[in-house]
Q: 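Dropping the structure in here first, questions after.
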Amino acid sequence: MATPVEPANGIRTPGKHYYSMWQTLFELDTKYVPIKPIGHGAYGIVCSSVNRETNEKVAIKKIHNVFDNRIDALRTLRELKLRHENVIALKDVMVPIHRKSFKDVYLVYELMDTDLHQIINLLNHLVMTTASISFFRDNFKVRAL
């Protein structure tokens with residue numbers, strides 16, 4: 001769950017509030033209320049949240065130390081620029097108050113029920129199941145009960 005915490009330096013930024021999820025500090029705009037962490041990977045941690053202004057559930061991805069690695073910075077830039085009907089929609093980008101010293105990027109997406117990894121695994125399972133049924137149907141006599 002998302003736990004409210006104090007900022008690391010003890011100084012609160014107006015318009016922001018602070019939560020800890022998976023031992024990671026999230027500095028979110030006050031219009032977003034985090035619900036719970038939902039995933040993490042090589043490029044960030046994702047939590048589900050509610051936008052207070054629209055009452056819409058969203059997913060917020062925190063990309064930590066985005067400028068430490070040139071490749072990661074370029075991937076993040078591509079993610080910001082990518083717009084396609086078959087790609088999840090980017091709804092918002094949280095802008096840091098202190099632009100010269102920011103390290104983390106927060107991207108707000110529509111909240112989906114699943115992720116691409118789970119869909120690929122499900123499709124692989126369905127293909128294997130279909131292949132197994134076809135194999136047994138074609139190679140063994142099936143008795144009707």
Q: What do the steps show when you test Phe26 against Cys47 for side chain to side chain contact (heavy atoms under 4.5 Å, CB included), and what is the final call?
A: CA-CA 10 Å; Phe26 274 69; Cys47 73; 4.0 Å; yes
Q: Give a yes or no on this: more than 12 heavy atoms of other residues, nucleotides or ligands lie within 6.0 Å of atom CG of Asn9.
A: yes
Q: Output all residues satisfying side chain to side chain contact (heavy atoms under 4.5 Å, CB included) with Glu110, sequence neighbours left out; order by chain, then residue number.
A: Ile88, Ala89, Lys91, Met112
Q: Working to the nearest 0.5 Å, report the span between CG of Asp29 and CZ of Arg52.
A: 11.0 Å
Q: Honestly curious: do Val58 and Ile45 fall in one hydrophobic cluster under the side-chain, below-4.5 Å linking rule?
A: yes
Q: Under a single-linkage definition using a 4.5 Å side-chain heavy-atom cutoff for Ile, Leu, Val, Met, Phe, Trp and Tyr, are Met21 and Val105 assigned to the same hydrophobic cluster?
A: no
Q: Does Leu28 belong to the same Ile/Leu/Val/Met/Phe/Trp/Tyr cluster as Leu25, with side-chain heavy atoms less than 4.5 Å apart forming each link?
A: no
Q: Tell me if a side-chain donor or acceptor on Thr76 pairs with a main-chain N or O of Leu74 at a distance below 3.5 Å.
A: no
Q: Is there a side chain to side chain contact (heavy atoms under 4.5 Å, CB included) between Met94 and Ile60? Walk through the geometry before answering.
A: CA-CA 10 Å; Met94 285 185 234; Ile60 299 176; 3.6 Å; yes
Q: Under 4.0 Å between a side-chain nitrogen and a carboxylate oxygen: does that hold for Asp92 and Lys31?
A: yes
Q: Do the charged groups of Arg12 and Glu6 touch, with an N to O distance under 4.0 Å?
A: yes
Q: Count the heavy atoms of every other residue, nucleotide or ligand shown that sit under 6.0 Å from CZ of Arg70, and state whether that count exceeds 12.
A: no
Q: Less than 4.5 Å apart, side chain to side chain, heavy atoms only: is that true for Tyr18 and Pro4?
A: no
Q: Does any N or O in the side chain of Asn69 come within less than 3.5 Å of the main-chain N or O of Ile71, such that one atom is a donor and the other an acceptor?
A: yes
Q: Carefully, step by step, assess Ile35 and Val50 under the rule side chain to side chain contact (heavy atoms under 4.5 Å, CB included).
A: CA-CA 7 Å; Ile35 301 169; Val50 174; 3.6 Å; yes
Q: Any side-chain to backbone donor/acceptor pair from Ser49 onto Ala59? Under 3.5 Å, distance only.
A: no
Q: Treating Asp104 as the side-chain partner and Asn65 as the backbone partner, does any N or O pair qualify as donor plus acceptor under 3.5 Å?
A: yes
Q: Evaluate the side-chain proximity of Ile38 to Leu111: yes if any heavy-atom separation is below 4.5 Å, no if none is.
A: yes
Q: Please answer: with hydrophobic residues joined when any side-chain heavy atoms are less than 4.5 Å apart, are Val93 and Ile63 in the same cluster?
A: yes
Q: Taking the side chain as every heavy atom from C-beta outward, state whether His64 and Thr24 have any atom pair closer than 4.5 Å.
A: no
Q: How far does CD of Glu53 sit from OG1 of Thr30, to the nearest 0.5 angstrom?
A: 8.0 Å
Q: Is the ring centre of Tyr106 less than 6.0 Å from the ring centre of Tyr32?
A: no
Q: For Lys62 and Glu27: C-alpha separation, side-chain torsions, deciding distance, then whether salt bridge (charged side-chain N to carboxylate O under 4.0 Å, His left out) applies.
A: CA-CA 9 Å; Lys62 176 184 181 178; Glu27 179 184 34; over 6 Å; no
Q: Any chance you could lay out the side chain to side chain contact (heavy atoms under 4.5 Å, CB included) test for Arg83 and Leu90, step after step, and finish with the verdict?
A: CA-CA 8 Å; Arg83 301 282 190 270; Leu90 180 65; 3.9 Å; yes
Q: Answer with yes or no whether the hydrophobic clustering places Leu107 together with Phe67; edges join I, L, V, M, F, W, Y residues whose side-chain heavy atoms lie under 4.5 Å apart.
A: yes
